[in-house]
Amino acid sequence: MKLESRLWLRALYARMWVRVMSVFNEPLWIAVNIGFPFFSSVGLGLLYASTGLRSFVGFAILGGIMISFWGNVLWSMASQFYWDKQVGLFEVYLTSPAPMTAILVGMSLGGVVNTVPSAVLVAVAGWLFFAPPLSPSWLAVGLTFALTLASLYAMGMMLSSLYLAYGREAESINEALHEPVSLLSGVYFPSIGNFSPFPFSVQVFASLIPLTIGMDALRRALFFSQGLSSIYLHLIALSVMGGALLLLASKTMKLLEQKGRREGTISVRLR
Amino acid sequence: MSSVKTVLASVRIGWYRDFGWTNPLTGFLMKTIAPIASVLSASIVYWLGSSAAGTFDPSHVSYILVGAALYTHVAAYSWVPSQAISEGKWSYVFPQVFISPKSSTPFLVGRSLASFVTSALTSLISLAFAYYVAASIFKSSIPFIMTPLSMSLLLGALVANVPATLGLGILLAAYTIFASKFEWALPTYVAGLLMVFCEALFPVSVLPWPLSAFGNVLPFTQFIRAAREAVVYGSLSAYSYYVAYCLLGGLLFLAVSLWAYRWAERQGRKKGIIDRKVV
């Protein structure tokens, strides 16, 4: 038991270390990651400002910060095993004694660490450029942020298992998913609650995405000084989603791994 | 004549690359979802901000719908030459193209034209779809001129913008000959710069000088203005001015880009980097 948990932690650390070093040994990665979130924050921030309502500009900057993590989940979590399969790394994972869940969690933690610099740069640049009004409840912001990332990366782990079943279409699926999920999750505007432009049925559907709940709670905590007592339902929902997605990720990974072994498709290059 | 054949063959390769992994309808739908979401996001941001500020103007929704749909259109096909080179280096297609009797330029032009047709269709569909969705969720009548003439003018503007976008694409391709990593990140920068500097969502006058002056002279800005004149404001004289500016500016830009690409290609040959693998 002790040996197993030690192996699990070592595999986690190893996968996280590789991911973190890949970015911090190549600072250009930060420049690569910051492009989309920075320009979309500035563009939509200026759009908010041009309507005459500067107080909502913060929504665009917060959106830019969180879109960095969503992009990382999609491109570096969900489709990671697809790239790994292409270069022959995935079969190394499977034949090694390293537990797959440890590799997934290590990949997630590494992804979070790697995305933090570009998210911080978007936050600093946005704050310097627009100086949006804040009214934060920092404890609630911190807790919501942590739980949102946890459930978002748990979703990434589940998607990474599902992507094993896909080939070249993984890229197209990512391109097709990025914007609609941003729209439904209300990355740049409230997509659930009183200010939502969407009908109730769409809001219910959007609430199934952890990013939707997280963004709503973050906006309340950061701009409307709502504390833990106001957003505790969001936090419970995020915790439940995170746990459920982790469980699903583990199940789907096992299922698809077995399918891949049976059909002999694990080491098949797709291009 | 044989160059035309090369371009047509490259158009076919481009479509095969984009849709070969699935059936054309699914592939096309997958390519349409993202622009629809992007156009709706921008219009909802405007609706939310302006409703709260009490400045909501339905004609400004049309302004944003057209701008958001068209900047994504330019972004979608301007990076195709760069993508063709980086993918081609990785899959050894590009060195094959390079040693074939034809220059790589017709190959890149063909790939861009294939993507132009696809993204023109997806942008127009996303514009129409977003228009109806926006009218329904904002519960407002959004002005939009939809006549055979206005649609023809819009198509004319799309075609007039091809040289400028091709110029941008070829310029990025010239850079990609030298790049061996991270060139795949260029599209995010191209899309972001177009969003901010090409009057996609707000007038360039909002930007501080000299950024506003820079945005004002870009052919892409004139293209989006021409498209708005065609389907929102309806001034034929303003449309003609913007289209002519976009076309002439685009041709000039294309000439400079082709020169830069030829230079990059020669340097690539000399330095032996044409088949350097992308990592």
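Protein chains get the first letters and strands the later ones, always in sequence-line order, with residue 1 at the start of each.
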Where does Tyr188(A) contact chain B at under 4.5 Å (heavy atoms): side chain, backbone, both or neither?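 Contact with chain B is through both the backbone and side chain of Tyr188(A).
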Heavy-atom proximity to chain B below 4.5 Å, by part of Phe38(A):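 Neither part, no heavy atoms under 4.5 Å.
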Counting heavy atoms not belonging to Phe129(B), are there more than 12 under 6.0 Å from its CZ?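 No - once you tally the heavy atoms of other residues, nucleotides and ligands closer than 6.0 Å, there are 12 at most.
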Do other residues, nucleotides or ligands put more than 12 heavy atoms under 6.0 Å from Phe205(A) CZ?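 Counting other residues, nucleotides and ligands, CZ of Phe205(A) stays at 12 neighbours or fewer.
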Using a cut-off of under 4.5 Å for heavy-atom pairs, which of Val42(A), Leu44(A), Leu177(A), Leu47(A) has the most such pairs with chain B?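 That would be Leu47(A).
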Taking all non-hydrogen atoms of both residues, which atom of [X] and which atom of [Y] are closest, and how far apart?
X: Leu48(B); Y: Phe195(A); value: CD1-O, 3.9 Å
X: Ala52(B); Y: Leu53(A); value: CB-CD2, 3.5 Å
X: Glu175(A); Y: Ala34(B); value: O-CB, 3.7 Å
X: Pro197(A); Y: Trp47(B); value: CB-CZ3, 3.5 Å
X: Phe39(A); Y: Gly192(B); value: CB-CA, 3.3 Å

Please report the interatomic distance CE(Met30(B)) to CG(Asn174(A)), rounded to the nearest 0.5 Å.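 One gets 9.0 Å once the value is rounded to the nearest 0.5 Å.
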Ser196(A) OG to Ile44(B) CD1 distance, which is reported to the nearest 0.5 Å: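 The distance works out to 8.0 Å.
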Top of [options] for chain A proximity - count of heavy-atom pairs under 4.5 angstrom:
options: Val45(B), Asp57(B), Ile64(B), Thr55(B); answer: Val45(B)
options: Asp18(B), Leu193(B), Val206(B); answer: Leu193(B)
options: Phe197(B), Tyr46(B), Tyr189(B); answer: Tyr189(B)

So do the side chains of Leu207(B) and Leu46(A) get within less than 4.5 Å of each other, counting heavy atoms only?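 Answer yes - side chains close enough.
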Checking Phe189(A) against Ser41(B) for the side chain to side chain contact (heavy atoms under 4.5 Å, CB included) test, could you report, in this order, the C-alpha distance in whole Å, the side-chain angles of both residues, the deciding distance, and whether it holds? CA-CA 8 Å; Phe189(A) 55 84; Ser41(B) 282; 4.2 Å; yes
Please state whether the side chain, the backbone, both or neither of Ile36(B) comes within less than 4.5 Å of a heavy atom of chain A.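 For Ile36(B), no heavy atom lies under 4.5 Å from chain A.
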